[in-house]
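Some notes on the structure that comes next.
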There are 2 protein chains.
Amino acid sequence: MPVTIRDVAKAAGVSITTVSRAFNGYDDVGPDTRKRILKVAKELNYRPSHVARSLVLQQTQNIGLLISDFNANRGAHHFLFDVMAGVHDRLSSLGYDVTLVSTTTARQRLVSYIDFCTERRLEGVIVMGMRLDDPYMQEVAEAKLPSVGIDLPILSRYCGYVMTDNVNGAKLGMQHLLAKGHRRIGFVNGYQKAAVSVDRLRGYQLALESAGIESDPDLIVHSNFLVEGGEVATELLLSRVPDLSAIFYASDLMAIGGMRYLHRVGKRIPEDVAVVGYDNVDVGEWSAPALTTVSQRRYDMGVYAADMLIGMLQRNEEPGGRLLPSELVIRQST
Amino acid sequence: MPVTIRDVAKAAGVSITTVSRAFNGYDDVGPDTRKRILKVAKELNYRPSHVARSLVLQQTQNIGLLISDFNANRGAHHFLFDVMAGVHDRLSSLGYDVTLVSTTTARQRLVSYIDFCTERRLEGVIVMGMRLDDPYMQEVAEAKLPSVGIDLPILSRYCGYVMTDNVNGAKLGMQHLLAKGHRRIGFVNGYQKAAVSVDRLRGYQLALESAGIESDPDLIVHSNFLVEGGEVATELLLSRVPDLSAIFYASDLMAIGGMRYLHRVGKRIPEDVAVVGYDNVDVGEWSAPALTTVSQRRYDMGVYAADMLIGMLQRNEEPGGRLLPSELVIRQST
DNA sequence: TTGACAATCCAAAACGTTTTCGGTAATTTA
DNA sequence: TAAATTACCGAAAACGTTTTGGATTGTCAA
């Protein structure tokens with residue numbers, strides 16, 4: 001049905017070889033024949049088949065964007081969508097296609113994620129929304145397929161990552177709180193198994209340490225990065241240590257939940273307890289009071305992940321671990 | 001590099017024809033040969049090339065997910081991510097791949113959106129985040145490529161759509177406000193050019209009409225669906241008609257912005273002015289007060305769009321316009 | 001015994017490109 | 001004028017599958 005290179009060759013009275021060369025900018029085709037071929041091609045609405053091209057060239061220019069469990073990760077759209085945008089913008093500007101992959105897809109089809117990718121001859125994968133203890137993670141790390149993870153600090157021959165410098169980010173948030181004079185500072189962390197969680201905890205403790213304050217285990221509680229989680233975590237925290245004067249949350253969403261609880265029990269923010277979040281997600285700007293937070297360059301993470309992957313593919317650079325600096329965004333909650 | 005059908009044929013001592021048939025479940029291959037072939041294939045880690053398959057079958061099982069301007073649409077992630085999830089979940093469970101397409105991509109490469117799709121032999125497209133007056137829209141509507149739009153009520157031989165029943169949705173929100181006794185109700189609409197805007201305006205007016213209230217143009221103002229827009233729109237609205245007792249916003253984000261302004265000028269919600277939004281986006285649950293809103297089934301919109309497209313492709317059904325009902329979610333802002 | 005009929009298998013063409021290796025004609029050089 | 005070079009073009013193989021149209025057995029009924 002679609003018009004092929006043979007059609008335009010016939011119409012232009014040349015061989016398919018010449019058409020191919022004219023299209024790919026070779027210099028051994030006469031200027032008038034080239035013009036004629038291009039004109040004929042335009043008239044016929046010829047579009048070279050990417051799949052035929054992929055077959056003979058043995059490269060698809062197609063890279064996968066793996067979102068662990070798409071449906072289950074819907075709550076994380078505040079983070080994931082921006083990363084996606086960065087990945088796609090960069091990749092497509094470099095001439096690559098990006099196809100969506102989800103672990104659920106693979107499970108339904110009863111093929112492993114890596115089988116899915118090799119069947120489609122994907123040249124690489126960018127992985128996000130996955131936890132370190134996800135059973136798929138091992139597959140990703142051990143695969144020969146070049147990949148780069150977002151917030152997944154796993155390094156191997158074919159696997160790099162980009163993430164925020166979470167220990168310094170957390171330190172930044174804490175230093176701000178400490179500078180305001182707070183001494184009893186609660187910390188609501190995310191999943192214990194999330195890579196970012198261990199780093200943010202480190203940053204929290206380091207900041208306390210260099211301020212000469214001993215870390216109190218009662219002040220630390222784990223949750224799930226989401227609003228409801230932040231709410232119950234805050235309740236727990238306040239019941240354990242009622243005299244805290246500030247809380248540092250490992251995500252803006254949890255901070256929102258926390259503030260909701262604090263409002264409910266009549267605590268004023270920031271007078272009674274100061275709050276800082278993590279992520280710099282749009283919701284934080286709209287909350288009352290507007291949320292002080294540690295910003296994460298989500299879009300850039302996507303861009304850099306794309307760059308690293310392409311570096312591996314085109315200039316076979318070694319994969320590495322790229323850390324993006326965080327920045328403190330001070331608003332009304334502190 | 002990757003192992004081909006020829007490799008497994010050789011290793012199993014049969015022809016490639018037989019391997020192909022064994023893999024595709026034909027019945028004219030002996031039970032023992034089949035077992036041997038499958039075993040050998042597993043040992044060699046053979047994965048049939050999707051691209052070779054696409055070439056000979058003349059179908060790629062690949063459909064495009066077009067997001068108008070990915071980067072510019074980042075603010076709409078609250079809506080788009082869920083739709084994406086629905087589209088991808090359904091499409092992948094039906095054996096289709098989905099590749100991301102953006103109008104920016106096409107522009108960079110200097111090929112039209114439709115050229116991009118035919119080069120890759122995409123079998124159909126789902127379009128979202130696009131405005132009716134987008135220059136690309138004409139291309140979409142006129143193309144021979146099967147497509148279905150999200151919130152883009154354009155119907156043609158190859159183009160269907162799915163969207164929320166916005167006029168009834170808006171009526172629902174308004175009836176709630178009217179039942180609460182409000183008579184002077186402001187309406188903050190989205191872009192005038194957005195398809196959903198004209199429907200929601202209709203619903204607003206219809207509701208007033210059947211309540212016997214005359215529509216006052218001063219009570220209607222257009223904005224951009226986003227928080228800041230809602231804020232300035234509310235200021236404008238209040239300056240024009242200070243005695244209004246309720247405001248209906250065409251998006252939750254604008255409602256959030258509106259509430260922010262109302263708080264700033266000392267109006268209590270809902271005592272002084274009641275607020276209802278549209279979308280039922282997560283932020284609305286977290287705001288103070290929690291936002292009454294008209295829900296939109298975002299994930300389902302994606303699912304239904306996928307179903308409609310596949311119906312066109314596999315059972316060549318006529319494209320149609322599918323309207324999803326809205327539901328009122330009553331919370332504390334009314 | 002012989003044809004018919006299953007049951008298995010295979011060779012080759014096709015899908016739409018790119019690329020290698022030449023080939024022909026025109027132009028330059030000796 | 002002959003040889004060498006240049007400019008332009010084409011035939012054919014290759015990429016990894018599927019499918020068509022037989023071919024080769026063995027089995028069974030007549």
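These numbers come from a predicted model, not from an experiment. Lettering follows sequence order; numbering is per chain, from 1.
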Inset, instruction - Could you check B/Tyr46 against A/Ser15 and say which one's nearest nucleotide on DNA chain D is further toward the 5' end? - result: A/Ser15
Quick check for you: to the nearest 0.5 Å, what is the distance between [X] atom [atom1] and [Y] atom [atom2]?
X: B/Met301; Y: B/Leu323; atom1: CE; atom2: CG; result: 9.5 Å
X: A/Thr18; Y: A/Arg36; atom1: OG1; atom2: CZ; result: 9.5 Å
X: A/Met84; Y: A/Leu65; atom1: CE; atom2: CG; result: 5.5 Å

Legend entry - Distance flag, aromatic centroids of B/Tyr161 and B/Tyr304, threshold under 6.0 Å: no
Legend entry - Centroid-centroid distance, B/Phe225 to B/Phe79, less than 6.0 Å: no
Legend entry - For chain A, the stretch of DNA chain C it reaches, first to last nucleotide, under 4.0 Å of its heavy atoms: C/dG16 to C/dT20
Inset, instruction - Classify the nucleic acid contact of B/Val56 as base, sugar-phosphate or nothing, counting any heavy atom under 4.0 Å across all strands shown. - result: base
Inset, instruction - Would you please confirm or rule out a distance under 4.0 Å between OP1 or OP2 of D/dC8 and any side-chain N or O of A/Tyr26? - result: no
Legend entry - No-hydrogen, no-angle side-chain donor-acceptor test under 3.5 Å, A/Asp89 and A/Tyr299: yes
Tell me the interatomic distance from [X], atom [atom1], to [N], atom [atom2], rounded to whole angstroms.
X: B/Asn24; N: D/dT20; atom1: CG; atom2: C1'; value: 15 Å
X: B/Gln59; N: D/dT19; atom1: CD; atom2: C1'; value: 14 Å
X: B/Asp28; N: D/dG22; atom1: CG; atom2: P; value: 16 Å
X: A/Ile16; N: D/dA11; atom1: CD1; atom2: C1'; value: 9 Å

Legend entry - base_contact_polar (D/dA11 base, A/Thr17 side chain, donor-acceptor, <3.5 Å): yes
